[in-house]
Amino acid sequence: MNKVHVKTGDNVMVISGKDAGKTGKVLAVSPTEGKVIVEGLNMVTKHVKPRRQGEQGGIVKAEGAMYASKVMPVCPKCNKATRIGHAEAEGKKVRVCKKCGAQL
C-alpha cells in the first residue's frame with residue numbers, strides 16, 4: 001500500500017505542469033496509483049456515447065487525475081503551499097503546517 005500526503009477535501013496548489021500555481025479542492029485520492037483529482041484543474045475532454053433512449057451524447061469536459069507529487073497542501077492560516085508535519089494534540093496525531101505550525 002502506498003501513502004499519499006493529501007486527503008480528500010484538502011485545499012491544494014499545483015506546483016508543476018500546465019496548471020502550475022492554481023489551487024483547488026481534492027475530490028478523490030487513489031493511493032494505489034499515487035494520483036489525485038482536483039476540482040476544476042487538469043481538465044480533459046471525454047467523448048460520451050448516449051446510453052439510454054433520449055439521452056444526449058457529445059464531448060464533455062471533466063477533471064483528469066494527476067500525480068500526487070505535483071500538488072502541495074495549502075495552509076488555511078498562512079495561505080501558502082506547505083509541507084506537512086505531524087504533532088500530537090489532545091492525544092491524537094494531527095497534521096501541521098511546516099511554515100507556521102497551524103493545524104491542517
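For this chain, numbers begin at 1 and follow the sequence in order.
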Please assess K80 against C75 for the test side chain to side chain contact (heavy atoms under 4.5 Å, CB included), listing each intermediate value before the final yes or no. CA-CA 6 Å; K80 292 179 183 173; C75 174; 5.7 Å; no
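- With a 4.5 Å cut-off on side-chain heavy atoms, V36 and V38 count as touching.
- Between the CG atom of L27 and the CD atom of E63 there is a distance of 5.5 Å, given to the nearest 0.5 Å.
- Residues V14 and V6 are members of one and the same hydrophobic cluster, defined by side-chain heavy-atom contacts under 4.5 angstrom among Ile, Leu, Val, Met, Phe, Trp and Tyr.
- Within the 3.5 Å criterion, the main-chain N or O of R83 finds no donor-acceptor partner in the side chain of H5.
- Looking at E39, its side chain never comes within 3.5 Å of a backbone N or O of G24 through a donor-acceptor pair.
- Under a 3.5 Å cut-off, the side chain of K99 and the backbone N or O of A81 do form a donor-acceptor pair.
- K25 places none of its side-chain heavy atoms less than 4.5 Å from the side chain of I37.
- The pair D19-K22 meets the salt-bridge criterion, with a side-chain N (NZ, NE, NH1 or NH2) lying under 4.0 Å from an Asp/Glu carboxylate O.
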For a side chain to side chain contact (heavy atoms under 4.5 Å, CB included) check, start with the C-alpha distance between H86 and V94, then their side-chain angles and the critical distance, and finish with the verdict. CA-CA 6 Å; H86 294 280; V94 292; over 6 Å; no
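- Residues I84 and K98 form no side-chain contact, since every pair of their non-hydrogen atoms from C-beta on lies 4.5 Å or further apart.
- A continuous path of ILVMFWY side-chain contacts below 4.5 Å connects V4 to V71, so both sit in one hydrophobic cluster.
- Residues C100 and K77 form a side-chain contact, since some pair of their non-hydrogen atoms from C-beta on lies under 4.5 Å apart.
- Between T45 and K61, the shortest heavy-atom distance links the atoms CG2-NZ, 3.9 Å.
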Go through M13 and T82 one step at a time and tell me if the side chain to side chain contact (heavy atoms under 4.5 Å, CB included) criterion holds. CA-CA 9 Å; M13 180 182 279; T82 182; over 6 Å; no
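- P73 is not listed as a side-chain neighbour of N11, based on a closest heavy-atom distance of 4.5 Å or more.
- Of all heavy-atom pairs spanning G17 and K70, the tightest one is CA-NZ, 4.2 Å.
- Closest heavy-atom contact between V74 and V12: CG2-C, 3.8 Å.
- K18 meets the side chain to side chain contact (heavy atoms under 4.5 Å, CB included) test with N42; sequence neighbours excluded.
- Rounding to the nearest 0.5 Å gives a distance of 10.5 Å between OG of S30 and OH of Y67.
- Scanning all heavy atoms of the two residues, the minimum distance from M66 to L41 falls at CE-CB, 4.3 Å.
- Under a 3.5 Å cut-off, the side chain of N79 and the backbone N or O of P76 do not form any donor-acceptor pair.
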